[in-house]
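All chains are named by letter (A, B, ...) in the order of the sequence lines, taking the proteins before the strands, and each is independently numbered beginning at 1. The analysis underlying the following values was restricted to heavy atoms, covering all of them including side chains, and did not include hydrogens, waters or symmetry mates. None of the values given here were measured: they were computed from a predicted structure.
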Amino acid sequence: MTKKLVLIDGNSIAYRAFFALPLLNNDKGIHTNAVYGFTMMLMRIVEEEKPSHLLVAFDAGKTTFRHETFKEYKGGRQKTPPELSEQFPFIRELLDAYNIKRYELANYEADDIIGTLSAQAEQEGLDVKVISGDKDLLQLVSDRVTVDITRKGITEVDSYTPAFIDEKYGITPEQIVDMKGLMGDSSDNIPGVPGVGEKTALKLLKEHHTVEQLLESIDQVSGKKLKEKLEEHKELAIMSKKLATIFREAPIEVKVEDVSYEGHDNEKLAALFKELGFNSLLDKLGYEAEEIHEEFEDMNYEIITSVREEMLTTHSALIVELFDENYHHADIIGFGIANETGNYFIPADTALESEVFLSWISDEQMKKVVFNAKKSAVSLKWKGINLKGVYHDVMIASYIINPSDSNDDLATIAKQKGYSQVQSDEAVYGKGAKRKVPEQDILAEHVVRKALAAYHLENQLTDELKANEQYKLFEDLEMPLSLVLGDMEHQGVKIDMNRLNTMGTEIGERLDEIEKNIYRLAGESFNINSPKQLGVVLFETLNLPVIKKTKTGYSTSADVLEQLADKHEIISEILHYRQLGKLQSTYIEGLKKVVYEETNKVHTRFTQTLTQTGRLSSTDPNLQNIPIRLEEGKKIRQAFVPSQQDWVIFAADYSQIELRVLAHIANDEKLIEAFQNDLDIHTKTAMDVFHVEQDEVTSNMRRQAKAVNFGIVYGISDYGLSQSLGITRKEAGKFIERYLESFPGVKEYMDDIIRDAKEKGYVTTLLQRRRYLPEITSRNFNLRSFAERTAMNTPIQGTAADIIKKAMIHMAERLKEEGLQSKLLLQVHDELIFEAPKEEIETLKKLVPEVMEQALELKVPLKVDYSYGDTWFDAK
DNA sequence: CCTAACACGC
DNA sequence: GACGTACGTGTTAGGA
């Protein structure tokens with residue numbers, strides 16, 4: 001069989017694929033459409049053409065020898081979109097995985113490489129197929145050379161043979177350059193003869209065959225105008241033909257025999273497809289994601305009845321398996337261990353009675369990889385066991401690499417990295433009412449598989465962290481933070497139950513009263529807590545004007561009710577009822593439900609791996625949203641008390657941390673100066689935005705400036721600002737515009753960060769926390785706008801989160817170093833809450849602000865305010 | 001058992 | 001100019 005050489009015009013195909021396909025991205029926000037299209041094309045070629053030899057040629061750089069002839073060659077071209085540029089490294093990886101040679105040569109275009117190699121191949125008797133999106137290549141067509149030009153999409157092509165060219169244009173392949181010489185080529189900025197298009201060029205060539213012959217016999221051309229043009233632009237025609245002519249003797253170092261194609265590397269290709277998220281192509285490969293790490297399938301493990309010293313090594317993966325979702329006081333049901341000696345399941349009783357195991361688990365020198373270090377440590381701490389030596393938490397690593405992945409289930413992370421043998425906890429235990437511990441062998445296998453996955457994932461995740469320059473963030477910030485958080489959760493916060501009960505009774509009575517009043521005003525009884533029923537009463541029975549609708553009916557939200565306040569007496573009653581009802585159900589009853597009876601404490605759980613910005617969240621109970629704004633709600637804080645007699649609650653909060661971070665990141669002169677002089681930032685903003693002196697700033701101006709600052713910090717839109725200020729969207733837009741004019745450094749930052757995010761697909765904080773924003777290149781205005789605001793906001797909020805996390809670690813260290821009894825209890829985004837013996841108050845007054853303010857050095861000082869008192873309420 | 005609507009904090 | 005608009009957690013109602 002005749003050998004076949006396939007030559008691919010790499011740049012051309014990449015461009016075609018990019019523009020033919022929607023802008024796909026993978027889970028990390030990297031665009032993949034061009035790579036995908038390229039892959040489809042390669043698959044088709046390999047399948048249909050069965051090439052014995054294969055090469056992809058690329059353009060080398062901006063200038064080629066053609067620029068010496070005509071410096072405007074390819075002038076006026078649009079810059080390659082960054083969304084495409086970022087894909088070229090993957091295309092190269094793709095070709096390497098396919099074991100396909102790629103080649104580029106300085107000063108020459110891909111066309112010349114293809115032309116030269118096809119000439120060689122023809123001589124050696126090979127069949128040649130050229131693949132491109134560029135019809136220039138048609139000049140290479142011969143009896144042995146076919147050129148495929150992409151038609152629509154990427155896999156549909158027209159195959160040009162000499163016969164097809166004759167049929168389509170009525171000329172020979174050699175005459176293609178003459179055609180280009182006459183008609184030019186706008187995409188390459190080849191001029192051609194003005195006034196001559198395809199039709200005229202073809203007509204002239206049928207008669208005169210070549211540009212040269214034509215120019216020698218211009219007098220025979222019919223048409224006066226045309227004659228003149230040809231005469232006038234002789235030089236241009238000659239030059240254009242030269243530009244369009246592919247150079248078939250380029251000094252390339254590759255020979256046909258160097259580019260033989262032996263087939264692709266299955267493993268490499270599968271790994272790349274996995275990385276890019278080409279799951280459908282994985283199937284096509286005859287590969288499944290699961291098979292990447294198939295050594296996993298026949299895992300051996302042992303259920304331990306008596307712990308042996310030699311199975312507990314200094315580098316082990318450890319799974320502490322709990323049944324309860326809440327790990328405080330949860331039952332440990334077993335331990336999974338994987339290391340170089342084997343895989344083991346140790347039932348809880350066996351482990352907890354084993355001296356060998358207990359000393360290993362508390363040995364700092366025995367290094368452990370875990371999944372969810374805090375959960376493991378806290379659950380053991382409740383049993384009086386100190387988990388030590390944890391140096392890698394797979395959950396945290398995965399969160400750092402990409403916070404948008406669901407990191408709370410090891411199975412998900414494992415699967416994403418190619419280990420599909422791990423089952424999700426939900427699949428093993430069931431959910432809801434059906435949740436139960438399975439048979440021991442099923443449990444054991446599940447736990448051991450998790451351990452084994454963690455054992456294998458460590459290296460992979462570490463590599464990724466290092467590649468992203470996030471290892472420091474992982475090792476020095478989040479890992480130590482998990483220990484600090486675990487201690488805080490375990491310590492808990494004491495609740496004054498009497499206070500809570502008294503408040504509950506009082507609020508209950510007031511609710512009864514308001515309820516009666518509402519029924520009287522409505523003229524009927526109904527469930528005030530039901531928005532549906534309330535809507536009927538307000539908008540049908542009482543006929544109040546409908547301001548807003550939700551998708552299920554009338555909106556009865558607070559902002560709607562406020563607008564109806566002067567229309568009917570019932571409105572203010574309902575608002576008050578809602579306010580008290582919220583206090584009662586969430587903060588009195590809700591809190592009481594989670595107080596531990598023996599100690600009267602609440603033990604929240606901080607989720608360290610959830611938010612997209614790097615903030616923490618808090619659950620069961622959520623202690624980050626205890627009321628403070630309204631006086632009635634704030635009183636709830638009277639129930640949060642120190643755990644010991646003669647202790648106090650000590651609270652310290654950062655003043656304007658986000659805006660200070662903004663001043664630093666944006667490097668805005670005016671903002672930096674304002675903070676260096678410790679000005680009231682909202683007043684200062686009002687002065688700049690409204691162009692007034694300090695004593696001319698009215699309280700209304702300050703309020704509006706404050707809302708704008710709020711908007712900057714939280715990344716709200718003009719619509720959001722208009723809502724919070726009760727003004728039109730247009731006016732809100734003006735405010736934002738004026739703000740940005742007033743702070744040009746901020747404006748520049750906003751523009752830069754969006755550009756940066758579009759280019760890289762993610763934004764980072766000062767400490768290298770990442771957030772991927774795949775939608776920033778979306779054609780959907782909403783999605784794109786949202787991503788843009790996120791790009792502006794995340795570095796600000798995320799850096800603030802970085803700072804307080806660092807402060808927490810330092811704080812814990814200092815308290816220990818100084819031998820203080822004071823305990824860190826809570827973190828509420830920009831504040832830290834402690835409990836402290838009275839004797840230590842004076843020490844804390846100095847120590848806490850010092851540590852917090854020095855957590856990270858910025859171009860502006862960080863400022864911390866503090867207060868203390870007998871309850872959280874009094875620490876104001 | 002899930003979703004929608006609402007409200008609390010930063 | 002439309003589009004539907006910070007992130008979390010928890011409660012209640014109401015329909016599958």
Side-chain angles (χ1 to χ4, degrees), chain A residues 403-404 431-435 526-535 548-561 574-591 593-594 604-607 610-630 632-634 636-637 653-654 656-659 707 709-724 729-730 732-733 771 775 778-794 796-798 800-801 804 826-831 872:
Chain A
S404 71
K431 60 174 175 175
K434 293 193 202 113
R435 206 176 130 83
F526 64 100
N527 187 343
I528 308 168
N529 285 319
S530 161
K532 194 176 165 184
Q533 295 182 33
L534 178 61
K548 203 164 70 178
K549 298 201 96 181
T550 66
K551 55 183 154 184
T552 49
Y554 309 110
S555 169
T556 65
S557 63
D559 64 306
V560 168
L561 295 187
I574 289 165
L575 285 167
H576 201 190
Y577 181 89
R578 282 233 180 111
Q579 192 203 328
L580 293 178
K582 174 80 174 178
L583 290 180
Q584 186 76 305
S585 65
T586 306
Y587 297 107
I588 308 268
E589 296 304 327
L591 205 56
K593 274 186 219 154
V594 291
T604 188
R605 280 157 19 244
F606 290 105
T607 310
L610 179 90
T611 70
Q612 300 304 298
T613 54
R615 278 186 170 186
L616 302 173
S617 77
S618 158
T619 54
D620 287 337
N622 179 354
L623 294 182
Q624 292 183 319
N625 72 342
I626 303 302
I628 190 165
R629 236 181 61 243
L630 300 171
E632 275 177 305
K634 190 172 180 178
I636 297 286
R637 295 178 174 226
D653 69 295
Y654 282 108
Q656 302 297 351
I657 187 168
E658 283 96 351
L659 290 173
N709 280 330
F710 179 86
I712 298 285
V713 167
Y714 288 117
I716 61 173
S717 57
D718 51 2
Y719 178 88
L721 182 62
S722 76
Q723 291 295 297
S724 68
R729 226 193 69 208
K730 217 171 166 185
R771 181 171 187 178
E775 289 173 338
S778 168
R779 281 175 261 266
N780 177 314
F781 177 88
N782 276 326
L783 295 177
R784 190 176 64 248
S785 301
F786 181 55
E788 286 175 355
R789 293 202 300 277
T790 309
M792 299 186 268
N793 162 250
T794 297
I796 301 172
Q797 217 189 96
I804 194 164
L826 298 173
Q827 185 250 48
V828 191
H829 307 310
D830 66 351
E831 63 177 326
W872 194 2

Compute whether any side-chain donor of one residue and acceptor of the other, for S557(A) and D559(A), lie under 3.5 angstrom apart. yes

Check whether any side-chain nitrogen or oxygen of S555(A) sits under 4.0 Å from OP1 or OP2 of dA5(B), and answer yes or no. no

Of the nucleotides dA6(C), dC6(B), dC3(C), which has the atom closest to the P531(A) side chain? dC6(B)

N/O (side chain, R578(A)) to phosphate O (OP1/OP2, dA7(B)) under 4.0 Å: yes

Please tell me if Q612(A) has a side-chain N or O lying less than 4.0 Å from either OP1 or OP2 of dA6(C). no

What nucleic acid atoms does L783(A) come within less than 4.0 Å of, heavy atoms only: base, sugar-phosphate, or nothing? nothing

Answer with base, sugar-phosphate or nothing: what part of the nucleic acid does T790(A) contact at a heavy-atom distance below 4.0 Å? nothing

Any side-chain N or O of S557(A) less than 4.0 Å from the OP1 or OP2 oxygen of dA7(B)? no

Under-4.0 Å side-chain N/O to phosphate OP1/OP2 contact, K434(A) with dC1(B): no

Is there a donor and acceptor pair closer than 3.5 Å between the side chain of S585(A) and the base of dT11(C)? no

With respect to the side chain of R629(A), which nucleotide from dG9(B), dT9(C), dA5(B) is positioned closest? dG9(B)

For I628(A), report the nucleic acid contact type (base, sugar-phosphate, nothing); a contact means any heavy atom under 4.0 Å. sugar-phosphate

Write down the distance separating the C1' atoms in dA6(C) and dC8(B), rounded off to the nearest Å. 15 Å

For R605(A), which of N622(A), L623(A), D620(A) qualifies under side-chain contact (heavy atoms from CB on, under 4.5 Å)? D620(A)

What's the closest nucleotide to the K593(A) side chain, out of dC10(B), dT11(C), dG9(B)? dT11(C)

Looking at every strand, decide which applies to L583(A) at a 4.0 Å heavy-atom threshold: base, sugar-phosphate, or nothing. nothing

Any side-chain N or O of K532(A) below 4.0 angstrom from OP1/OP2 of dA5(B)? no

If we only count heavy atoms from C-beta on, is the R578(A) to L561(A) side-chain gap below 4.5 Å? yes

Under 4.0 Å: is that the gap between some side-chain N or O of T607(A) and OP1 or OP2 of dG8(C)? no

Across all strands shown, which nucleotide pairs with dG14(C) by Watson-Crick or G-U wobble geometry, both distances under 3.5 Å? dC2(B)

Nucleotide nearest N529(A) when distance is taken to its side chain, options dT9(C), dC6(B), dT12(C): dT12(C)

Has N527(A) got a side-chain N or O lying under 4.0 Å from the OP1 or OP2 atom of dA13(C)? yes

Of the candidates dA13(C), dG10(C), dG14(C), the side chain of T586(A) sits closest to dG10(C)

When both distances are under 3.5 Å in a Watson-Crick or G-U wobble arrangement, the nucleotide paired with dA2(C) is none

Would one find a side-chain N or O of K431(A) under 4.0 angstrom from OP1 or OP2 of dC2(B)? yes

